[in-house]
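Structure first, commentary second.
Position 1 is the first residue of the sequence; numbering continues from there. Bear in mind that the values here come from a model prediction, so they are computed numbers and not experimental data.
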Amino acid sequence: MSKEMISTKESLNIAEMMRAYDFTPETIQTINNEKLLPAGLVRRLQKCYPQYSQFSKQKDPLFKGKTHYSGLNGFREILQVLKANGVELDNIKEREFFLEVYRFMATKHILNTIDWSNYKNDPNYYLVFPQPDMINKADVQRYLDADSDEERRKVVEAYQLKTNPHDGKQKLNKPFFYNEEGQIEILEGSQHKYPPIKLILDAGTQNCFAFCTYCFRHAQVRGDEDMFVQHDINQVHKYLKKHKEVTDILITGGDAGYISYRRLKEYLIPILEDDELLHIRTLRIGSRAITFHPEHLLTDQFKEILELLRMTVENGIQVVWMSHTSTPREILNPGAIAAIQRLKKYGIKVKSQSPIMNTISLYKDENGKVDVNRSAQNWIDLGNILAMVGIGFHSMYCARPTGEHHHFTAPLADITKVFNKVYRSLASINRPSRYITMTSSAGKTSLMGTTEIDGEKVFVLKFNEARNMEWMDRVYFAEYDEQENTIEKLKPYKTDKYFYEEELEEIEGRLEEALKKESLKMANHD
């Protein structure tokens, strides 16, 4: 068979796979014009990983036309489509309680990546669909027993108070500075916890393309009163000029893929043109658009953002699209691959960081125990696929103690076994760039593994980011525990406190006092 015949055959398959996802004519035109689905890459991915691949789908998509399904109405609309196609979910009211507490959003794309003939074994289903056992039975029963919408609303609001939306004392991370008039300015939509990196939760990024059931920032997407929202961009630049230690800015949310060209340009042009901002080296964009709504990245309108980011790269600022991919099924489809290719064509680096979550990327055996081999294989395969498509494997991390943490987490002892197998199975260049971590107020703690001291098994811990970055220089130990699922709750080995605890209390106390004092000044000034 000639090369020309192979090329024609591959092109026909690519045309068919695009139809299976109900791509718009604009998306198809972009993919074809910019050659974003290289036949050789698609063929290799398909042949290497047929168990995950969604390139050969022949069925018409169940979800057509409408891009987003949100809230109770959107959820119920999805149920109607599924029922019309012979799929009926159970325990609807229990699921609706979850989505009223945390909100619901799903895209046509992610819905069409789910294998609805076998959805109970599809990780994408668990990624966006609430399950009836996520919230404890007592609170679920209160919701089910409510006699009116008003009573149900009260149950929902009462439960929202239990969801711990700002774990790790995030409110203490709000930065502030004194302006030229000597007045205090608190950046209400920013966080600056670690010296080199400043987070910006922009006013335009307070939504997601789809909501993860394990969401760590549900205060943002459900619109809590104490959510982080950065309105004033000029304020960010003023702060950065006073903090030369900051090299990286991370625009996040919600989803930073929502940011408009106008807003992004307001952030970037001063950084490119003002010599007082030469210390900024990297722009990170935290987004799941690649896996939740790749068509957003394939529009003509998004091209102006790509051109702006290419100009940023050409001016010596590294641009990194921080994706979040937990399973091969999320990216082995034509939309995700095309979106990745387009970002790379404009000089944008793509990296992936994602939590290891029960039912999504961490699996149990028939006895309810962590299946180490199956769980590790998911991440091993993902690591190799990320390498094939040119994505850097930045990190795996433990579920943060927020939301329905009990449902998604597993014992640290088992997670360590999974991670160790992943780490030793991947080539060094394809491994995660850090050991598995968990975030707390103190910082990001790496669980490096286990060792023995005087015949006793212990966990070995090390900060990879901390409120005091000098803490990163020390390895320390915690008692080995077969059941504990939170690093912060591990007991120090042969000591009452970890080496950093007293200083952490002092730091937290100073920050809390300063923010209270400055907030009061601002209130009096107003």
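Side-chain contact check for N164 and R400: no donor-acceptor pair (N or O, by modelled atom type) lies under 3.5 Å. Between the side chains of S433 and H394, at least one donor N or O lies within less than 3.5 Å of an accepting N or O. Between the side chains of S326 and S354, at least one donor N or O sits under 3.5 Å from an acceptor N or O. Donor-acceptor pairing under 3.5 Å is recorded for the side chains of Q230 and Q235.
In this structure, K174 satisfies the cation-pi test against F228, with its NZ or CZ atom closer than 6.0 Å to the six-membered ring centre and inside 45 degrees of the ring normal. Judged by a 6.0 Å distance limit and a 45° cone about the ring axis, R329 is not positioned over the six-membered ring of Y52. A cation-pi arrangement is present between R374 and Y363 under the rule of less than 6.0 angstrom and at most 45 degrees off the ring axis.
Q301 CD: 12 or fewer foreign heavy atoms inside a 6.0 Å radius. Residue Q29 places its CD atom among 12 or fewer non-hydrogen atoms of other residues, nucleotides or ligands, all under 6.0 Å distant.
At least one donor-acceptor pair under 3.5 Å links the side chain of E330 to the backbone N or O of T327. Put simply, the side chain of S361 gets close to the backbone of M357: a donor and an acceptor are under 3.5 Å apart. Under the 3.5 Å distance criterion, the side-chain polar atoms of D371 are left unmatched by any main-chain donor or acceptor of S375. Within the 3.5 Å criterion, the main-chain N or O of D300 finds a donor-acceptor partner in the side chain of E26.
Note on K169 versus E512: no salt bridge recorded, every NZ/NE/NH1/NH2 to OD/OE distance being 4.0 Å or above. Look at K162 and D139 and you find a salt bridge, because one of the NZ, NE, NH1 or NH2 atoms lies within 4.0 Å of a carboxylate O, short of that distance. Ion pair E151/K154 not flagged as a salt bridge, since none of the NZ, NE, NH1 or NH2 atoms sits closer than 4.0 Å to an Asp/Glu carboxylate oxygen. Between D255 and R288, none of the side-chain N atoms (NZ, or NE/NH1/NH2) sits under 4.0 Å from a carboxylate O, so this pair counts as no salt bridge. Ion pairing between a basic and an acidic side chain is recognised when a charged N comes within 4.0 Å of a carboxylate O; R153 and E150 show such pairing.
With T252 as reference, R217 is the one residue of Q220, R284, R217 to meet the side chain to side chain donor-acceptor pair (under 3.5 Å) rule. Across Y69, Y258, F292, a single residue satisfies ring pair (Phe, Tyr, Trp, His ring centres under 6.0 Å) together with F209, and that is Y258.
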Given R142 and D145, is the salt bridge (charged side-chain N to carboxylate O under 4.0 Å, His left out) satisfied, shown in steps?
CA-CA 5 Å; R142 292 187 188 94; D145 291 343; over 6 Å; no
Side chain to side chain contact (heavy atoms under 4.5 Å, CB included) between L264 and I305, intermediate numbers included:
CA-CA 8 Å; L264 185 58; I305 288 182; 3.8 Å; yes
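Annotation for R222 and T163: closest pair NH2-OG1, 2.9 Å, computed over non-hydrogen atoms.
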